[in-house]
**Q** 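Following this message is one structure expressed as structure tokens.
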Amino acid sequence: MRYYSTRNKNRSFSFSEAALAGLAPEGGLFIPEHIPAYRGAVKNSLGSMSFLEIARETIAPYVEGEISLPVLEEICAGAFSFNAPLIQIRSGVSGPPLVLELFHGPTAAFKDFGARFMARTFSWLRRGEDRPLHILAATSGDTGGAVADGFYGVEGISVTVLYPRGRVSGLQERQIAGLGGNISALAVEGSFDDCQALVKAAFRDGVLREKLILSSANSINISRLIPQGIYYAAAAGKALTGRWDPDGEATPRNLNGKVSRSPPPWSGDPLSGGPRPVTFCVPSGNFGNLTAGLYAMAMGAPIAGFIAATNINKTVPDYLESGEYKIRPSRATISNAMDVGAPSNFERMAAHWNYRELQGMIRGISATDEETRSAIAGVYRDYGYYLDPHGAVGWTAVQKFAAGNRNAGSFMPGSAVVLATAHPAKFAETVEALTGPVPVPGSIQKTLERHPRARAIPAELSVLRDFLLEGP
Ligand SMILES: *Cc1c(COP(=O)(O)O)cnc(C)c1O
């Protein structure tokens with residue numbers, strides 16, 4: 001597979017070049033020359049294949065000729081050592097949203113899928129090199145932790161994470177800045193957009209480019225995006241065949257007899273005559289996750305469409321409604337991993353699909369903090385299930401879409417699947433005020449015991465440059 005920059009179709013790159021560079025030379029994002037299709041036999045059996053089988057089938061065409069199948073399988077087995085259960089949080093009622101829990105990895109957010117795959121892939125691509133690779137990652141909260149964890153201790157690679165000072169949770173800060181070793185943390189005076197702009201500026205900086213081998217680990221990196229398609233294909237296959245996961249796979253919940261314990265038989269819309277492709281509701285910020293879903297749909301996974309759920313940073317929902325793309329400064333919310341006013345993956349979406357095509361596949365819905373809080377409280381009250389603020393934005397968007405849209409059925413013919421992008425214990429400050437104590441998984445417990453050590457810097461390229469050249 002060859003890759004192009006969204007800003008220059010004249011020069012193509014290999015997967016390794018695109019992955020290791022992160023950002024294309026003139027500031028564009030790498031995209032594959034075409035989106036491959038699942039083989040027919042794969043498309044028809046996604047519901048019964050294992051996660052690792054789907055991983056191999058999803059990623060192989062993107063790395064063909066560069067990473068052999070056995071190596072790819074080994075990378076995937078190491079990266080995806082946790083599950084992504086598709087669960088129904090109540091039974092017996094028609095049209096309940098299903099929840100795809102993407103927070104069972106080590107940093108308790110979906111970004112573990114992309115970051116762990118990327119770290120293992122980089123390590124393999126760089127085998128035998130002696131100059132170190134320097135990775136820069138801007139984060140609004142969760143990317144930093146996932147990238148730090150994925151690369152921690154990987155030889156020949158050092159990582160610098162930039163996060164907006166005071167705008168991430170205590171746990172996120174410990175995930176980003178509590179490891180040390182080959183992971184450095186910079187607390188930037190400014191917003192996530194400032195962090196992202198700094199990283200982009202560093203990539204364009206002549207001095208840094210001459211002295212260091214730089215790479216990025218944001219969701220702009222194509223090697224993070226591609227593996228995120230796996231869970232869409234796996235969940236779409238399961239939903240289509242009515243095989244969602246037993247409740248025991250899922251955490252956390254307060255059972256109280258309110259929640260089904262075993263997967264019920266298909267209980268979708270009785271008029272539909274059976275299972276239909278699902279609509280995924282994707283809590284979105286930088287739109288990497290949603291773009292990965294679009295790739296999975298284009299590859300042939302049985303997906304009807306997407307709801308792009310945002311908080312009040314609703315640049316993309318506004319675009320989908322008006323056709324005008326207007327970036328704006330980000331505003332702080334309780335779903336802070338989605339506080340993005342200039343979503344970087346939009347450029348990638350727009351390079352593959354025009355406005356009409358995007359409108360045909362995606363509906364945008366936004367939720368306020370008040371609506372998000374009310375969803376967390378209501379879902380807990382009614383079902384004993386804990387949503388994190390990001391998943392709660394998704395939950396709200398599905399309810400609003402179904403309630404406010406008479407044509408919902410034609411866009412959302414099968415069930416809606418809400419992506420639960422983070423574990424509620426990751427945002428305990430917000431969630432517990434509405435639900436009482438949230439059970440804390442072991443991985444988070446251990447992280448809470450770390451001490452964050454970050455350097456505070458102003459949002460200035462010269463300061464970042466000095467830090468990178470001199471080391472911590
Ligand atoms: C990063 C993140 C998002 C947003 O994902 P994008 O790919 O940036 O759109 C949503 N929820 C959580 C918990 C996240 O960490």
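When a ligand or atom number is given, it counts from 1 through the structure's own listing order.
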**Q** For the 3.5 Å polar cut-off, considering only N or O atoms, please tell me whether Phe427 and ligand 1 meet it.
**A**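 Not met; the criterion fails.
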**Q** Below the 3.5 angstrom mark, is there an N/O of Ala337, backbone or side chain, next to an N/O of ligand 1?
**A** no
**Q** Return yes or no for this condition: an N or O of Asn289 is under 3.5 Å from an N or O of ligand 1.
**A** yes
**Q** Which atoms of ligand 1 have any heavy atom of Pro283 under 4.0 Å away?
**A**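 Listed by number with element: 4 (C), 10 (C).
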**Q** Does Met338 approach ligand 1 within less than 4.0 angstrom via side chain, backbone, both or neither, non-hydrogen atoms only?
**A** side chain
**Q** When the ring centroid of Tyr4 is compared with that of Phe30, is the distance short of 6.0 Å?
**A** no
**Q** Would you check if the distance from the ring center of Tyr231 to the ring center of Phe113 is below 6.0 Å?
**A** yes
**Q** Test your reading of the structure: does His390 have an N or O sitting under 3.5 Å from an N or O of ligand 1?
**A**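 Min N/O separation from ligand 1 is not below 3.5 Å for His390.
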**Q** Strictly by salt bridge (charged side-chain N to carboxylate O under 4.0 Å, His left out), give each pair with a member in residues 51-61 just once, sequence neighbours left out.
**A** Arg39-Glu57, Arg56-Glu73
**Q** Which atoms from ligand 1 have a heavy atom of Gly285 less than 4.0 Å away?
**A** 4 (C), 6 (P), 8 (O), 9 (O)
**Q** Give a yes or no on whether a salt bridge exists between Arg165 and Glu189, defined as a side-chain N under 4.0 angstrom from a carboxylate O.
**A**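 Yes, Arg165 and Glu189 are salt-bridged.
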**Q** Does a side chain donor of either Thr6 or Glu347 reach within less than 3.5 Å of an acceptor in the other side chain?
**A** yes
**Q** What about the rings of Phe103 and Phe110, do their centers lie closer together than 6.0 Å?
**A** no
**Q** Which atoms of ligand 1 are found less than 4.0 Å from any heavy atom of Ser284?
**A**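 Counting atoms of ligand 1 from 1, those under 4.0 Å from Ser284 are 9 (O).
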**Q** Please check if the distance between the ring centroids of Tyr386 and His423 is under 6.0 Å.
**A**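 Centroid separation for Tyr386 and His423: 6.0 Å or greater.
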**Q** Looking at Tyr325 versus Tyr355, is the centre-to-centre ring distance below 6.0 Å?
**A** no
**Q** List every atom of ligand 1 that sits less than 4.0 Å from any heavy atom of Gly288, numbering the atoms from 1 in the order shown and giving each element.
**A**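 Those of ligand 1 that fall under 4.0 Å from Gly288 are 6 (P), 7 (O), 9 (O).
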**Q** Judging by distance only, is a nitrogen or oxygen of Phe110 under 3.5 angstrom from one on ligand 1?
**A** no
**Q** Run the numbers for me: atoms of ligand 1, each under 4.0 Å from some heavy atom of Lys111, listed by number.
**A** 1 (C), 2 (C), 3 (C), 14 (C), 15 (O)
**Q** Name the option, out of Thr421, Leu102, Asp112, Thr107, that contains the heavy atom nearest to atom 12 (C) of ligand 1.
**A** Thr421
